[in-house]
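These notes are about the structure you will find just below.
Throughout, a chain's letter reflects where its sequence line sits, starting with A, and its residues are numbered from 1. The basis for the numbers below is simple: all heavy atoms, side chains too, and nothing from hydrogens, waters or symmetry mates.
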There are 2 protein chains.
Amino acid sequence: MPPVDREPTRGSPDTKERILAAAEALFMEQGYAATSLRAITAQANVNLAAVNYHFGSKEALIREVFDRRLGPLNQARLDYLARVEFEAGGRPLTPEKILEAMITPVVQLSRDPLKRGAVFLRLLGRALSEPADTMKQVLPIHYRDVVLRFKEALVRALPDVPEQELVWRMHFTFGAMAYAMAGNDALQLITTCEVEGADDAEAIIRRLVPFLAAGLKAPVPLPMRTSTAHPTTNREAA
Amino acid sequence: MPPVDREPTRGSPDTKERILAAAEALFMEQGYAATSLRAITAQANVNLAAVNYHFGSKEALIREVFDRRLGPLNQARLDYLARVEFEAGGRPLTPEKILEAMITPVVQLSRDPLKRGAVFLRLLGRALSEPADTMKQVLPIHYRDVVLRFKEALVRALPDVPEQELVWRMHFTFGAMAYAMAGNDALQLITTCEVEGADDAEAIIRRLVPFLAAGLKAPVPLPMRTSTAHPTTNREAA
DNA sequence: GCATGATTCAAACACTCGTTTGAATCAGTC
DNA sequence: GACTGATTCAAACGAGTGTTTGAATCATGC
């Protein structure tokens, strides 16, 4: 029967951990649907039934894979943001500082001495566009607070940008971040251009922050034509 | 036995087309690995064996799903770029014009009167981060020329940005574009913020182009300190 | 020692998967 | 009409899936 779920699960030397690590790696390499429990348990050197014994189901396993990392990561983001806001003493932050609060915890995760974490980041970058129903349940829970707090900070930082416009720009920002986190494989998948230092997470944010900050601060384009009416069918060049 | 593959496949009223459309839609909703041939043939109202008869295998089917749309789309991008370059008469283009050449064909595809195309765009946005081996073969083939030509144009448009930096910014650009194309579902998956007019492709590029152009034009950050050393732990406010 | 409960293990379960088969159906040509 | 080749169809194939089972193993407390 399933364990009583006492504190940090004393028993089981590390099989639960080994399953989590193997699942993390394989989900990253092959995606969720394409990764079988047999492949996971083989890589983790545990019995097949161990997954259902410790986690209950495959879906519960992937949920735990994300919960384990995403909780601390997003909490670190909130903490970072709160700290710089406190240091600013009530004055609005720069977009750069806000982005830094968003991205730095990611870098710290990637520095994890055990080399885990980096794997998870690439998994996360991919998960953002995975259509699996599980993601549609797991991710919003973890991200709700983060998004709301950062949106709030950006609204204060960029009072000249209308809120709707800012929400859009946050979308674009998330897209670029997710893509960057997905790592070199996904990157060179399209561009076929060599990039140097794609593994160095610090180098990535050193380039990502100025790029995104400039986008966030960009002058707001004039609304084309009438605002509410559909500028729809076959209206050709401006 | 398989058809002789004559011109536009005369016979078969439209079963090949119906299969492609159903596959496109279902791959978009559920991803490649999670979509079964039985689900596809059921939605297309054709026999299960029709897929292997007309396409040979599931993998060949998805390959054709992408080939059919990606070829014309990227050719339109190249044509658009060639046209504006010709109009510029040898002078460098603005980043905005280059982005416009990249994005406008997407919008035209989304205007497809039969409402197809829009579905494909969301599929494409997701495919960019699918780990399936098929993608790693299909996408680079279609994108190689596009990426090289646009990189060339951007290098001319932004002579002050080092080439390596520009390649990185192109990566970020692709990420934001892919994310935006993935549609409202994927967008609101994280942000939980309502966005108005998420369906209007024209509205998206009206917001996306200024955002990305500003990022591409951003001042190049100074290389931080010594290149290799970690500017690490707990360095507080600047 | 034995008893207890957690954990592992090999084996099987019921199911779905992509693919194949061989007969049936349909379109054309002679 | 009969013949031919393309296309559809129902049925099955073997492989692989997530999950369950029940006995074996282990650690621990008495």
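- Ion pairing of A:R68 with A:E17 is present here, as a side-chain N (NZ or NE/NH1/NH2) and a carboxylate O approach within less than 4.0 Å.
- Residues of residues 37-45 of chain B that place a heavy atom closer than 4.0 Å to DNA chain C, in numerical order, are B:L37, B:R38.
- Near DNA chain C, meaning a heavy atom under 4.0 Å away, the residues from residues 56-64 of chain B are B:S57, B:K58.
- Expressed to the nearest 0.5 Å, how far NE2 of B:H54 lies from OG1 of B:T15 amounts to 3.5 Å.
- In this structure, CH2 on A:W168 lies 13.5 Å from CE on A:M170, to the nearest 0.5 angstrom.
- Projected onto DNA chain D by closest heavy-atom contact, B:V46 and A:A34 fall at different nucleotides, the more 5' of which corresponds to B:V46.
- The distance from atom CZ of B:R18 to atom P of D:dT8 is 9 Å, rounded to the nearest whole Å.
- Of the possible donor and acceptor atoms, one in the side chain of A:R18 sits under 3.5 Å from a partner among the backbone N and O of A:N45.
- For the pair B:H54 and D:dT8, the criterion of a side-chain N or O lying under 4.0 Å from OP1 or OP2 is met.
- Counting to the nearest Å, the P atom of D:dG18 and the OH atom of A:Y32 are 8 Å from each other.
- The distance between atom CG of A:N52 and atom P of D:dG18, rounded to the nearest whole Å, is 9 Å.
- Taking the ring centre of B:F55 as origin, the terminal cationic atom of B:K16 falls inside the region bounded by 6.0 Å and 45° from the ring axis.
- Remark: A:D79 pairs with A:Q75 by the side-chain contact (heavy atoms from CB on, under 4.5 Å) rule, at least two apart or across chains.
- At C:dT7, none of the side-chain N or O atoms of A:N47 fall inside 4.0 Å of OP1 or OP2 (strictly under the cut-off).
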Could you go over nucleotides 22-26 of chain D and give all protein N or O partners under 3.5 Å, atom names and distances?
none

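- Take B:I141 and apply the side-chain contact (heavy atoms from CB on, under 4.5 Å) test, not counting sequence neighbours, and it matches no residue.
- A straight line from CD1 of A:I19 to P of C:dT8 spans 8 Å, rounded to a whole angstrom.
- Expressed to the nearest 0.5 Å, how far CD1 of A:I98 lies from CG of A:L154 amounts to 4.0 Å.
- Atom CZ of B:F55 and atom C1' of C:dG18 are 15 Å apart (whole Å).
- Note: B:T41 OG1 to B:L48 CG = 5.0 Å, rounded to the nearest 0.5 Å.
- The side-chain tip of B:R83 points at the ring of B:Y80 from less than 6.0 angstrom away and within 45° of straight on.
- Comparing D:dT8, D:dG18, C:dT19 by their closest approach to the side chain of B:L48 singles out C:dT19.
- Residues forming a side-chain contact (heavy atoms from CB on, under 4.5 Å) with B:N74 (at least two apart in sequence, or on another chain): B:L70, B:R77, B:H142, B:Y143, B:V146.
- Distance CD/B:E165 to CZ/B:R169: 4.5 Å, rounded to 0.5 Å.
- Atom C1' of nucleotide D:dT7 and atom OH of B:Y53 are separated by 5 Å, given to the nearest angstrom.
- Listed nucleotides: C:dT7, C:dC17, D:dA10. Nearest to the side chain of B:S36: C:dC17.
- Taking atom NZ of residue B:K16 and atom C1' of nucleotide D:dT8, one finds them 16 Å apart after rounding to whole Å.
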